[in-house]
Every structure is written in C-alpha cells, then in structure tokens.
Amino acid sequence: MEYNFKRIESEWQRRWREEGTYNVEVDESRPKFYVLDMFPYPSGAGLHVGHPLGYIASDIYSRYKRQSGFNVLHPMGYDAFGLPAEQYAIQTGQHPALTTEQNIARYREQLDKIGFSFDWRREVRTCDPEYYRWTQWAFAEMFGHYYDNTVQRAEPIGKLVAHLEAHGTEGLDAAQTAALSFTAAEWAAMDEREREQALQNWRLAFRADTQVNWCEALGTVLANDEVKDGLSVRGGYPVVQKRMKQWQLRVTAYAQRMLDGLDTLEWSDSLKEIQRNWIGRSVGAQVFFDIEGSERKLEVFTTRPDTIYGVTFMVIAPEHEWVGELTTNAARADVEQYVAQSKLRSERERIAETRRVSGVATGSYAVNPFTGRRIPIYISDYVLAGYGTGAIMAVPAHDSRDYAFARHFGLEIVPVVEGGDIEKESYDAKSGRLINSDMLDGMDVKEAIEYMFAEIERRGLGKRLVNYRLRDAIFSRQRYWGEPFPIYYKDDVAHVLPLDKLPLTLPAIDNFGPTAEGEPPLARVDGWHTPEGYPYELSTMPGFAGSSAYYLRYMDPHNGEALVGRRADEYWRNVDLYVGGIEHATGHLMYSRFWNMFLYDLGHVCEPEPFRKLVNQGMIQGRSNFVYRIVGTNRFVSLNLKEQYKTQEIHVDVNIVRNDILDTEAFRRWRPEFADAEFILEDGRYVCGWGIEKMSKSMYNVVNPDYIVDKYGADTLRMYEMFLGPLEQSKPWDTNGIDGVHKFLRRLWSKFYSREGGLIVSDEEPTRAELKTLHKTIKKVREDIENFSFNTSVAAFMICLNELGDCSKRAVLEPLTALIAPFAPHMAEELWHVLGHDTTVCDAPYPVCDESYLIEDSFEYPVMVNGKLRFKQEYPLSTSAADIQADIVKAEGTQRWLEGRAPKKIIVVPGKIINIVV
RNA sequence: GCGGAUAUGGUGUAAUUGGUAGCCACGUCAGACUUAGGAUCUGAUGCCGAGAGGCGUGGGGGUUCGAGUCCCUUUAUCCGCACCA
C-alpha cells in the first residue's frame, strides 16, 4: 500500500482536534513542563518555510516530554498589535482589526497543516480586549509603585508618600529620574499637581520630558531597541533625537537584578553577553568640579579617577541643562550656533560623523580639585547627554576621543600613566604605573583607582557610583493600533483607571494618520474621555507591551479575576523551554524579564525569571536562483557558458528550478516578457546560478510550507526542517534535499505494508543484531533530543532503517514508532493504530535504551604505525592494555609494518586505539 | 574600536569530545528494472595518482605517540554594541 500522507495527515489532524488530544489542564499529580514559542506577528505575507523551524523543534521537544510522562503546556497565540497593520491601514483605509483578523486566519490555516500539538483553547491575541485588559492592569500597577533600593524591590507608592510626608526626601533611597531634594514641610505645602509632578520622579511607570528617538515618517517615538544605525527597524526610516514628554517604564530600577539574574538562566553565552552589554554596568566615581565664579559644581562620572591629575579640560553635551549658564557673553554666539547645529543632525549623521572632531568653548572654567588648576569647559557632541551626567572630565593623554579633541583645539596633554608615547596618539592603558600624579605616583592603575575612590569620598568631592548604559523604556507611541493607556487627565494631572474599569477598549476609527495638529489618531475620537469628561491619554502602548507577559496568560487564559490565577501560576511557574529568534535579545527578552520581576515583587507570580532555558533557532535564508540574459536581447545563457557573453544576472523563481536546472517552458510562462525567451543550453540543459540571500518576495526565493506539505506531507516537512542542520545555526533552505527525507518515510512505511497492500508486520523474535540497532538508535535519539540536536537524530533514524534491512518484526517496529512519533506524528499515529493500539501515540511511553544490547565483548582495534592506520587487530575487551601491548608486537601486521625495526613505544587505549611508534 | 560566533568534499552536514576525518542525505556517474515518471532498486563518488601510495578540516606555527578538536598567531564572513567617559 502506498504511503498516502494526505489521507493520513488530514485524518489525524481532524481526530486530534475532535478528541482534544492536545488539551492540557493543571494536574498536580504529574510533573509539569512548559514549552513556549515566541508568538508570531501575523503579517500579510503569511508564513514561509523558515517561520515554522522553531515551532517544529519545540513541538518535537513537547511531544518527547509528554511521552516521557510530563504534563506539557504548549500554547500558541498572536502578537497582533503593531506598526505594519497600521501602516497598511493608512495606505488602504482597511481597518487594522480586519486585516489582522484575516492574517491570523491565514496563519492558523498554515500552522494547522504542520501537525503541531498546541492547545488552541489557550490562544491569546494581544489585541483582544480581554487580553490587553491585563496589559493595562500591569501598567496601572507600575504607575502605582516605585522601586525602593533599600529593600531592592517595588513598593506601593503610598509607602513613598508616607516617607515624603514624614521626612521629605531625606533618607530616601529609591530609583528616580533626577535627584530631587525637599523637606516634609515643602511637601506639605505642595498642591496636588506639584505633588504628582514630584511623584513621577519615582513611579515605575511615569511621564517625563526626555530625549527620544523620533521617527517622522512613522509619526511616532521609538524605543532604543527599535532603532538601528539611526533608522527605524520597522520600515528603515530616519530617526532624530528630540525632547518630548513621554510615558516611560523605569526598567533601570531593575538593571542590577536583571544582570544578576542572567547567571541563573540556561541561555546561550552569546545572548547573555548581549544583555550584559545592553545593561552596560560600569563602576566609577561621581566627582564634582568647582566652577570659577559660580556656586554650582559640575558633576561628572568617571571610571578612571586615577587619571584625575591628567584632566586638562572638561566637556559637556550640547543638550546639557547648564549650557546657557556656563556660556560667557563672549562665547554665546558660537555656542548657540553649535548647539543649534547639533540639534539638526540626525542620529544617523551623528553616527556617520563619529571621529570627526567638533566643539566649542563655553568661556567658563572649572577647577581641577586635585591640581587646583583652572581648566576650560567645552561643549561637544562626543559627550552624550543620556549617559552618566552628560559631562566628562577629559584626560587627553589616556583617552583617544579626548586626545583628538585636545589636538584639535590645542589643549594641554599631561601623561599620568607611564609607558605610552603621547606624541601621535593617546595611551588608553588599563594598567601601568602612575606618574605626574603627586601622591599616586608609583602606584599601579588598579591600586590608584581604589585609592582615589576613597580619597574622593574623604575629601567630599563625590562618591563611588555604579552607572548603567540601560535607558528607561519609552512607552508611548503616537499611533492607533496598540493598547490604550488606562490613564485620564484631571487638570493635566495623570490618574489611573482601576481594574474594574478595565479594559479601556480601543475605539473604532477610520482615519489612522495623525491629526492636522500632529496629535495621535486617538485625538480624532469624539468621546475619548471618562464619563465625567476627563480626557484619556492619546498615545498607545508599544509593541512590546503585549508580549511582555503573554506567557503568563497561557497558564490561565480565561481567568476574569487575574492575569493568572494562583493555582495555575504555582503549577506552571515559568517557561521551561523558550524557543525563538535572537533578534529579541535587547527588546522583548529584556522587557519580559523586567515585567515579570515587577509582578514577582508584587507577589502575583512565583518565579523571578520568566524563561528558564532559551534556545535561539537560526534564520532560514533563501537560496536564490539566477538566469543570465545576454544584454540587450531576450536570450539566456546557461551558467557555465555565460563568460562568453556580456550578461545580466536576473533572479528566477526557485519554484520553476529543480537541482539548479531551469524548467524553460515554465520560465516562458512565468512572466510575459519571457514568453519568447531563447536559451543557450549546455548538455541540453539550462543550468542556473545560485546564491544565499534573505528569503523575500523580491528575490523570488520564497518557499511556502503549504506547497511542501501538499507535495510531500507535513511529516516530511517537519523532518526535513530538522535535517537541514543544527537548530541554532542560520542556513539556507534548499528544497532539493527533501527527497531523501521523504524517501526515508516511505521506506519506513514499507516496513509495515507490502507493495501489494498487505500488512507484513511479523511476530518473529528479533535477532540480537536487530535489537542492537534498535537500542543504539533509542539511545542516540534520546540524547540528541535532550541536546536539541535534531539533525543528527533524523540521521540516526535513517541509519537505523538502513541497518534493519528488510526486518519487519513487531518487537522492533513498535518501539521505533513510538521513538519517531515526535518527529513524524501523523505517520507514527497511523502506524501505532495499525499495530493494534487504540490509544494515541502521544501517550506511548518514550522508549528506553536497554544498554545490555550494546555491550560488546571484543573490539577490533585500529592499529596505527606512527599515527597512520595500517591494519586492524581484534582483542576481547577484557584484555588489559599491558597484555595487548605484549601481544601486538607479535602480530603479523605489526611485523610487516615494522620491517625489522624495533618499536620505540606502544600506546594502547583500551576500546579505542593502538599506536606503535617506531 | 570593543564583545561574541563561525570556517570540514560540488552542496547541507557528521565525528563516541584528543583516537580510523567525511556518518546521514542531496547532487553526480555507472548499472538494473520499467507501465518511460522528476518512479524504484544496486554500486561508485574528498583531491592527486594507472597503481603502490601521497595529500587533505581557511592560512602559518606549537603541544602530543596521535589535533577538525587544545594553545599561539593570522585571514575571511556573520552577529551584537559603538564617541558609554
């Protein structure tokens, strides 16, 4: 009987759905395992063959865990709010809700064909009000809390208010935007508006004026991780820096905990490193410099207080708040011009012009507190307003940027670390002996840094400080298709909606662009205010809002009382295995950890970290094919003849090419302009060129999973995607190799059914060799699954089948069916029932290797002479190394290769190798 | 510039973790069968060489009886950060 994958797959998918095979409930009697995929953003293009890669791997692991006795939670949903749907809406006028709905339907259809073991009853969509109610709730909770550094966790804002009432800011140690200072009496004297203004300095969700990434084309601000190289990640539009009042999340409060938490996670080192760099912890000193003729002191942050004797000038950022104050009348015109100029530069220009020295003197002077010397204060955009204090002490001798600046402006360069030659470049040394530094002279850099920390504190010049590169997350977006903020304004004071007023649903509109006044689209909505008439916030939340806690909702998706109920949370706890792309390293994976830690502080969840183990699947690239048109003609020349002509390389649809041979008839039909194409063939065939590129429509290299499923079946697609190579590695999709996997499945099928259609499974006792093959395979496949090495497990199945030959014995085939079930679930299910079972193969215990079948009693040693394999010699494994050593010299082969010489040394590694050194 | 990763046949890859490099597939070649299919089956296939044999894991060096694997160095590609004080 033929392997009719279409019948088998549609039938079992239907039965799984009808019987709820993959439904899962809390069950305290069994151990849990939570396997999660990063949910997709349902784009209009549908899935290509690269998208399911991670889903297939996690599905295999889920099924394996289930067969191993775990109660497996394996859900799926959609990250449905976001820019592309809205951009599409602006262009076409179609409501994003509608296009999103359509895209989700298409995604679901595609996913269903692949045979995943999702419990679809638990589906979440971030744009569903019943879901985003909890996104709004979490935001409201953040608004209602601050981060208390003394206890290292979020605390209710009421505790802060109590402190301010009693002591003002005295003795307060909390994560804050700026260092505010007022007394209890001053607090008491504030009105509601002033108080709220002050509280925003500590709230974990707060509104503040800040430097933001503004994208004019998208009409919205963007978070740092949404900008790359000065361009928006979505769309690639220019981004400029702008000061705006925005809602933000105080993720910096959790910087240290997020850093420390990394050590507890089973994530790849590279991913942890990316997050560590993003958090960017650096230990240094805060130092205050006196300003000549002013009461104020200029605060800087430095990691190299040891070099303070080499400070010959200071630099502040053009956005520094004291620019006006520090500028003397004589310098004012120049400074104003410079500041205006640097404001105009886009982020992209700024990056491109890195290393070009620019700046202007303020005319003011500071005093080096250690040398007592008068040093000029400059303004330059190589100092960033957003890092540290936006001001630096410049040490030109030992910092290349300061050096370039000093050279350009002819400033003094004083070396303070021995060893460099500062004539041509700075000496950015992290070790060495201090010179020209008074009491530090002769100390090593490390020693001097420690000494200076103490000295700075002793002299009351500042203190030791930890700085983070991590910025607070800009949380508002001036657009429509996102979660509305649960915020309304009363006399411009922000108030938050309580849970029983949530969700605040997104109103329907029909024009998705900004208003004429440049207000967000929600400004168009009449009645966008509370019943009392107080206006709601006009911006909406960013894409990462909805994806920050979705994994919690899957645990308890229909709970109307809480994001996740206590019983579900305490059972499922956190994600045991998370599979997704590395592109979320500094976005989603940071925000989710922050969000989860916050909910943990409040006691809503019982685990501080959301994702225990994380696997990053590689990108599937496209394998493009090319044809070569002779310039100015409609003639196409085969790859190996193209050098003889002047040709132009043209992408050709990979679906009309097989093994790099072009289907010329299909090519003529492909596009009208090729209808009368002529070909110059080689060996009667047209050979195409190929290259690896991103999979995209414009390269004509997109392969649709539906097409593969239709032609080869879901089981073949699943196994082939795994066979392609290591999961974590990026690799090109090449449909050509798929035959090998398909052939394997057909051969497996033919172990059960003869060509004529009869079942040929016998009850004969398997031979020892057959059992050895079976158990070897069981061992290998189990190990490979545990190591996420799915490509080698597919190879192990193929080897197993090759070794079994025409063995069709039940005692071998039955465990093999259970073993392959996670990979090819449809076929395994069918065969499982053919073997007479009436329960699902998903619950068949995963086979265990019986090591006794693998034990060998003798071993054929490869015998090397001077490191080259010369012959083989068999010894019982019980033979000792000494006995082998004594015996091997006498062996016929040894004698032949020794050619009368005496061996210098004989190395015997039992069970591995014999090497004779002559 | 800093940090991380990768490099093996025509292609995707594998290698009991320092022990016979190239498993398993694709492709190619040869053969069988044939209802002529892009089916199925069998065999060969790293490179050079008629053969014996030699050479082979990006390049160079080292440790070792033995290196794809460890160390040093260098090149190329990819990823992350990037005037971070």
Side-chain angles (χ1 to χ4, degrees), chain A residues 228-229 268-278 280-282 284 300-304 307 314-315 317 350-351 353-357 380-384 386-395 398-402 404-405 428 467-470 582-583 585-586 619 623 658-661 663 690 720 723-726 728-741 743-744 746-747 750 755 780 783 789 791-802 860-872 903-909 911-918:
Chain A
K228 228 193 122 186
D229 298 331
S268 72
D269 289 338
S270 62
L271 181 53
K272 286 188 194 179
E273 207 49 38
I274 291 173
Q275 289 214 341
R276 282 194 194 102
N277 290 340
W278 190 259
R281 182 182 199 266
S282 60
V300 302
F301 173 76
T302 177
T303 55
R304 294 293 302 274
T307 61
M314 305 195 74
V315 188
R350 200 165 160 152
I351 289 165
E353 289 172 18
T354 294
R355 304 276 160 220
R356 207 175 84 184
V357 180
S380 175
D381 61 7
Y382 84 84
V383 173
L384 304 176
Y387 184 79
T389 62
I392 61 156
M393 54 175 234
V395 187
H398 306 289
D399 181 289
S400 51
R401 297 150 301 171
D402 296 345
F405 194 85
D428 300 12
N467 225 312
Y468 299 93
R469 203 190 69 94
L470 186 69
I582 192 134
E583 66 272 18
T586 56
M619 276 252 287
R623 187 181 186 277
R658 193 185 153 87
N659 288 331
D660 295 334
I661 308 297
D663 179 338
W690 62 275
Y720 185 57
F723 187 64
L724 227 41
E728 299 180 76
Q729 194 173 301
S730 285
K731 58 235 166 201
W733 175 269
D734 183 359
T735 307
N736 290 328
I738 203 167
D739 280 339
V741 170
K743 217 183 286 179
F744 159 78
R746 277 209 308 264
R747 283 203 292 146
S750 68
R755 202 176 280 252
K780 174 80 174 142
E783 282 171 6
S789 178
N791 54 328
T792 51
S793 40
V794 176
F797 283 122
M798 292 179 175
I799 295 166
C800 176
L801 222 55
N802 289 347
E860 197 181 28
Y861 283 88
V863 183
M864 325 280 289
V865 177
N866 285 337
K868 284 209 182 299
L869 177 69
R870 291 309 180 188
F871 64 99
K872 290 188 178 178
K904 274 193 201 130
K905 202 172 175 185
I906 298 169
I907 292 104
V908 176
V909 185
K912 283 195 172 169
I913 206 149
I914 300 169
N915 191 6
I916 302 169
V917 187
V918 182

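This is a predicted model, so every value here is computed, not measured. All chains are named by letter (A, B, ...) in the order of the sequence lines, taking the proteins before the strands, and each is independently numbered beginning at 1.
When distances run from any side-chain atom of A:Leu869 to the nucleotides B:U20, B:C81, B:G27, the shortest one goes to B:U20. The A:Trp690 side chain lies nearest to B:U11 when the options are B:G80, B:U11, B:C24. Comparing atom distances between the A:Phe301 side chain and each of B:C83, B:C65, B:A85 picks out B:A85 as nearest. Closest to the A:Pro862 side chain, of the nucleotides B:A85, B:U11, B:U20, is B:U20. When distances are taken from the side chain of A:Phe723 to each of B:G12, B:G3, B:A85, the shortest belongs to B:G12. With distances taken from any side-chain atom of A:Ala795 to the nucleotides B:C24, B:A14, B:G80, the minimum falls on B:C24. For A:Trp278, whose side chain is taken as the heavy atoms from C-beta onward, the closest listed nucleotide among B:C65, B:G4, B:C81 is B:C81. Counting only heavy atoms from C-beta on, A:Thr302 has its side chain closest to B:A85 among B:G19, B:A85, B:G3.
Atom CG of A:Asp734 and atom P of B:A25 are 17 Å apart (whole Å). Following rounding to the nearest Å, A:Arg469 (CZ) and B:A85 (P) show an atom-to-atom distance of 10 Å. In this entry the distance linking CG of A:Asp269 with P of B:G80 reads 18 Å, nearest Å. The nearest whole Å value for the distance from the CE atom in A:Met864 to the C1' atom in B:G66 is 7 Å. What separates CG of A:Asp660 from P of B:U11 is a distance of 12 Å, to the nearest Å. When the P atom of B:A7 is taken as reference, atom NZ of A:Lys731 falls 14 Å away, rounded to whole Å. Look at CG on A:Asp399: it is 12 Å from C1' on B:G1, rounded to the nearest Å. The interatomic distance linking A:Met393 (CE) with B:C83 (P) rounds to 20 Å, in whole Å.
Residue A:Arg623 places no side-chain N or O under 4.0 Å from the OP1 or OP2 atom of B:U11. In this structure, A:Lys905 reaches the B:C65 phosphate: one of its side-chain N or O atoms is under 4.0 Å from OP1 or OP2. Distances shown here put a side-chain N or O of A:Asn791 below 4.0 Å from the OP1 or OP2 atom of B:A14. The phosphate of B:U40 (OP1 or OP2) has no side-chain N or O of A:Arg747 nearer than 4.0 angstrom. Between A:Asn736 and B:G27 there is no side-chain polar atom (N or O) within less than 4.0 angstrom of OP1 or OP2.
At the heavy-atom level, A:Lys743 lies under 4.0 Å from the strands shown only through sugar-phosphate atoms. Residue A:Pro732 is out of contact with every strand shown, counting any heavy-atom pair closer than 4.0 Å. Looking at heavy-atom distances under 4.0 Å, A:Asn659 makes contact with sugar-phosphate atoms alone, never a base. Within the 4.0 angstrom heavy-atom criterion, base atoms lie near A:Ile907. Using a 4.0 Å heavy-atom cutoff across all strands shown, A:Asn802 reaches sugar-phosphate atoms only and no base atom.
As rounded to the nearest Å, B:U69 and B:G59 have P atoms that lie 11 Å from one another. Using C1' as the reference atom, B:C71 and B:G18 are 13 Å apart when rounded to the nearest Å. Rounded to the nearest Å, the gap between the C1' atom of B:U42 and that of B:G68 is 33 Å. The C1' atoms of B:A85 and B:G4 are separated by 24 Å, rounded to the nearest whole Å. Only the C1' atoms considered, B:U6 is 25 Å distant from B:G27, to the nearest whole Å. B:C47 and B:A52 are spaced 16 Å apart, taking the P atom of each and rounding to whole Å. Atom C1' of B:G12 sits at a distance of 34 Å from the matching atom of B:A50, rounded to the whole Å. B:C72 and B:C79 have their C1' atoms separated by 25 Å, given to the nearest Å.
With a cut-off of 3.5 Å on both pairing distances, B:G49 has no Watson-Crick or G-U wobble partner at all. Within the shown strands, B:A30 is the pairing partner of B:U42 under the Watson-Crick or G-U definition, both distances less than 3.5 Å. Using the Watson-Crick or G-U wobble rule with both distances under 3.5 Å, B:C83 pairs with nothing in any strand shown. Across all strands shown, B:A5 forms a Watson-Crick or G-U wobble pair, both distances under 3.5 Å, with B:U77. Under the Watson-Crick and G-U wobble criteria, each requiring two contacts below 3.5 Å, nucleotide B:G22 is left unpaired. B:U69 is unpaired under the Watson-Crick or G-U wobble criterion, no partner having all donor-acceptor distances under 3.5 Å.
Between A:Tyr720 and A:Trp733, the two ring planes are perpendicular [angle over 60°; tilted spans 30° to 60°].
Ion pairing between A:Lys780 and A:Glu783 fails under the 4.0 Å rule for side-chain N and carboxylate O.
Each of A:Thr792 and A:Tyr720 was assigned the nucleotide of RNA chain B with the nearest heavy atom; the assignment lying further toward the 5' end belongs to A:Thr792. Mapping A:Ile392 and A:Ser789 onto RNA chain B by nearest heavy atom places A:Ser789 closer to the 5' end of the strand.
Classified by its glycosidic torsion, B:G59 falls in the anti category, the angle being over 90° from 0. Classified by its glycosidic torsion, B:G9 falls in the syn category, the angle being within 90° of 0. Look at B:U17: its glycosidic torsion is within 90° of 0, and that puts it in the syn range.
A:Asp402 places a side-chain N or O within donor-acceptor distance of the main-chain N or O of A:Val395, the cut-off being under 3.5 Å. Remark: the backbone N or O of A:Gly911 is paired with a side-chain donor or acceptor of A:Tyr861 at under 3.5 angstrom. Looking at A:Lys905, its side chain never comes within 3.5 Å of a backbone N or O of A:Asn915 through a donor-acceptor pair.
Remark: A:Asn802 CG is packed, more than 12 non-hydrogen atoms of other residues, nucleotides or ligands lying under 6.0 Å away.
Residue A:Ala585 comes nearest to A:Leu271 through the heavy atom pair CB-CD1, 3.2 Å, listed as atom of the first residue, atom of the second, then distance. Annotation for A:Val383 and A:Gly390: closest pair CG1-O, 3.5 Å, computed over non-hydrogen atoms. In this structure, A:Trp278 and A:Arg469 approach most closely via the heavy-atom pair CE3-NH2, 2.9 Å.
Partners of A:Phe797 under the ring pair (Phe, Tyr, Trp, His ring centres under 6.0 Å) rule, at least two apart in sequence or in another chain, are A:Phe823.
Taking CG from A:Asn659 and CG from A:Asp734, the interatomic distance works out to 8.0 Å, rounded to the nearest 0.5 Å.
Two residues are said to be in side-chain contact when any heavy atoms from C-beta on lie closer than 4.5 Å; A:Asn866 and A:Val917 meet this criterion.
For the segment residues 911-918 of chain A, the set of residues with a heavy atom within less than 4.0 Å of an atom of RNA chain B comprises A:Lys912, A:Ile913, A:Asn915, A:Val917, in numerical order.
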